[in-house]
2 protein chains.
Amino acid sequence: MSTDAGPGAGARLGAELSDAVVLFHDAIGSLMGLSATDHKALGILRREGPMSATRLAARTGLTPGAVTGLVDRLEAAGLARRERDGDDRRRLTIVATDPASPDVAAAFARLQRAMAGVTAQFSAGELAVVARWVEATTTVLREQVHEIAHRRAPEARTGA
Amino acid sequence: MSTDAGPGAGARLGAELSDAVVLFHDAIGSLMGLSATDHKALGILRREGPMSATRLAARTGLTPGAVTGLVDRLEAAGLARRERDGDDRRRLTIVATDPASPDVAAAFARLQRAMAGVTAQFSAGELAVVARWVEATTTVLREQVHEIAHRRAPEARTGA
DNA sequence: CTGAATAGTTCAGCCAGCTAAAATGTATCT
DNA sequence: AGATACATTTTAGCTGGCTGAACTATTCAG
């Protein structure tokens with residue numbers, strides 16, 4: 001099932017995966033002892049690289065005060081660290097680091113091994129097709145997130 | 001970038017997509033006015049079909065009291081409804097329904113249209129490859145979620 | 001050097017959503 | 001019928017994480 005090529009097949013393909021991805025993120029998050037906000041912020045830091053607290057506040061939509069607590073928690077969990085900027089010593093740079101907990105590292109290792117098993121079932125040419133689909137889908141999702149955010153608050157474009 | 005075929009390529013492909021999926025879910029969730037728990041529960045209901053409150057409690061890991069509140073919120077948002085069981089009138093069946101809000105429906109319509117655009121870029125044979133990859137990846141993720149949950153609480157298998 | 005602006009932290013208060021336990025309504029067993 | 005078990009709801013109380021506002025440290029403009 002779910003391999004038909006009718007209209008909406010693309011959406012259905014994505015939906016299948018989508019739930020599994022979200023549940024996996026959730027499982028990893030609770031394994032790390034992170035709230036949803038923490039996990040999302042960590043994702044932003046990983047994806048966009050080190051940034052100041054102010055920028056992180058803008059990207060997450062949180063107030064400065066909340067960001068302080070957030071970074072405290074990430075730091076305590078060994079998932080990020082604060083670095084004072086040499087140029088402007090008011091400014092922080094918040095850097096995501098690798099998972100400290102052995103449980104988390106083991107979970108990622110298992111995932112990586114399992115995904116290698118999946119990859120092994122495909123030829124190089126097939127993997128290229130998959131990569132193309134993944135990239136196109138990723139782009140679509142990002143655009144849609146953007147779209148949703150801007151329809152909700154067209155004037156409050158915070159940093160993206 | 002990210003289209004190389006070295007070791008870990010599968011994991012990297014997945015990671016690209018994973019963030020985008022999570023952010024999209026998040027955007028949809030806040031568009032619906034749902035908490036993370038609500039959204040997760042709704043996903044379970046959609047995926048596994050109607051179920052009793054007790055079973056939903058087991059699947060979400062919540063206490064019965066919390067489930068009452070959760071279903072109240074879903075019902076208020078027009079995303080699920082309670083049905084009294086005719087056989088055993090103590091028992092409820094909780095049924096997920098379609099998104100009530102026009103905003104949400106529009107967002108899904110936009111996504112579907114955009115994904116149709118992606119699908120159009122692939123031949124039927126290529127889509128079959130993608131479908132195979134999606135299914136294999138979905139299976140892997142579900143297994144890993146299971147794995148994580150059971151390593152954390154090997155004795156407390158609640159209903160899965 | 002002074003005053004204004006900026007980056008981040010601290011503090012007090014608030015709210016959502018959780019748990020635990022008691023209450024309610026229904027089914028089952030004897 | 002009476003006692004017991006079960007499914008869900010209600011209630012009380014707690015906690016985490018948020019906001020808004022005051023505060024500290026640093027930079028910049030004049």
Side-chain angles (χ1 to χ4, degrees), chain A residues 26 29-45 48 50-77 79-96 152-153 156 158-159, chain B residues 26 29-45 48 50-77 79-96 152-153 156 158-159:
Chain A
D26 201 56
S30 72
L31 194 58
M32 286 181 177
L34 295 183
S35 75
T37 306
D38 296 352
H39 202 184
K40 176 175 157 187
L42 189 56
I44 290 171
L45 284 173
E48 305 185 15
M51 64 184 68
S52 73
T54 304
R55 178 152 174 73
L56 185 57
R59 295 292 288 107
T60 54
L62 295 174
T63 56
V67 169
T68 297
L70 187 155
V71 177
D72 285 348
R73 292 189 300 272
L74 291 181
E75 229 173 17
L79 294 165
R81 65 173 190 284
R82 287 172 162 91
E83 271 176 15
R84 277 282 158 201
D85 193 302
D87 243 11
D88 179 344
R89 293 213 332 262
R90 289 169 305 184
R91 193 167 260 160
L92 282 179
T93 303
I94 300 156
V95 187
R152 279 165 67 81
T158 42
Chain B
D26 203 56
S30 72
L31 194 58
M32 287 182 177
L34 295 183
S35 74
T37 304
D38 296 351
H39 201 183
K40 176 175 157 187
L42 188 57
I44 290 171
L45 283 173
E48 304 184 14
M51 65 183 70
S52 74
T54 304
R55 176 151 175 76
L56 185 57
R59 294 293 287 106
T60 53
L62 295 174
T63 56
V67 168
T68 297
L70 187 154
V71 177
D72 284 349
R73 292 190 299 272
L74 291 181
E75 230 175 15
L79 294 163
R81 66 174 189 283
R82 288 171 162 93
E83 271 177 15
R84 277 283 160 200
D85 192 303
D87 242 12
D88 179 344
R89 296 217 326 265
R90 290 170 304 184
R91 197 168 258 158
L92 283 180
T93 303
I94 300 156
V95 187
R152 281 164 66 81
T158 42

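Computed from a predicted model, the values in this text were never measured in an experiment. Order of the sequence lines sets the chain letters (A, B, ...), proteins ahead of strands, with each chain counted from 1.
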Could you list, one pair per line, each protein nitrogen or oxygen that sits under 3.5 Å from a nitrogen or oxygen of nucleotides 12-14 of chain D, together with the distance?
none

Counterpart residues, side-chain contact (heavy atoms from CB on, under 4.5 Å), relative to [X] (two or more places apart):
X       : result
B/Ala77 : B/Leu79
B/Thr93 : B/Pro50, B/Glu83, B/Asp85, B/Val95
B/Glu75 : B/Arg81, B/Arg82
B/Asp38 : B/Leu34, B/Ser35, B/Leu70, B/Arg73, B/Leu74

- Query: In Å, rounded to the nearest 0.5 Å, how long is the span from OG1 of A/Thr60 to CZ of A/Arg55?
  - Reply: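 Spacing of OG1 (A/Thr60) from CZ (A/Arg55) equals 11.0 Å.
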- Quick one: OG1 on B/Thr54 to CZ on B/Arg91, what's the gap to the nearest 0.5 Å?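 That separation rounds to 7.0 Å.
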- Item | Below 4.0 Å: OP1/OP2 of C/dG17 and any side-chain N or O of B/Thr37 |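 Answer no for this pair, as no side-chain N or O of B/Thr37 is under 4.0 Å from OP1 or OP2.
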- So, is A/Arg89 close to the C/dT6 phosphate, meaning a side-chain N or O under 4.0 Å from OP1 or OP2?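 Answer is no, no contact under 4.0 Å.
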- Task: Measure from the side-chain heavy atoms of B/Arg73 and tell me the nearest of D/dT19, C/dC18, D/dC18.
- Result: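 Given the options D/dT19, C/dC18, D/dC18, the side chain of B/Arg73 is closest to C/dC18.
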- Contacts of type salt bridge (Lys or Arg N to Asp or Glu O under 4.0 Å), residue B/Arg84, not counting sequence neighbours: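 With neighbours one apart ignored, the set is empty.
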- Query: Among all residues two or more places apart in sequence or in another chain, which pass the salt bridge (Lys or Arg N to Asp or Glu O under 4.0 Å) test with B/Arg89?
  - Reply: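 Here no residue qualifies.
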To the nearest Å, give me how far apart [atom1] ([X]) and [atom2] ([N]) are.
X       : N      : atom1 : atom2 : result
B/Asp87 : C/dA27 : CG    : C1'   : 11 Å
A/Asp85 : D/dA25 : CG    : C1'   : 14 Å
B/Leu62 : D/dA7  : CG    : C1'   : 16 Å
B/Asp38 : C/dC18 : CG    : C1'   : 12 Å
B/Leu70 : D/dT10 : CG    : P     : 15 Å

- Report yes if some heavy atom in the side chain of B/Leu45 is under 4.5 Å from a heavy atom in the side chain of B/Met51; otherwise report no.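 Contact flag for B/Leu45/B/Met51 side chains = yes.
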For nucleotides 8-12 of chain C, which of its nitrogen or oxygen atoms have a protein nitrogen or oxygen under 3.5 Å away, and what is each distance?
from, atom 1, to, atom 2, distance (Å)
C/dG8, OP1, A/Ala53, N, 3.2
C/dG8, OP1, A/Leu92, N, 2.8
C/dG8, OP1, A/Leu92, O, 3.3
C/dG8, OP2, A/Thr54, N, 2.7
C/dG8, OP2, A/Thr54, OG1, 2.3
C/dT9, OP1, A/Arg82, NE, 2.9
C/dT9, OP1, A/Arg82, NH2, 3.3
C/dT9, OP2, A/Thr68, OG1, 2.9

- Query: On DNA chain D, nearest-nucleotide positions of A/Asp88 versus A/Leu34: which is more 5'?
  - Reply: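 Closest to the 5' end, via its nearest nucleotide, is A/Leu34.
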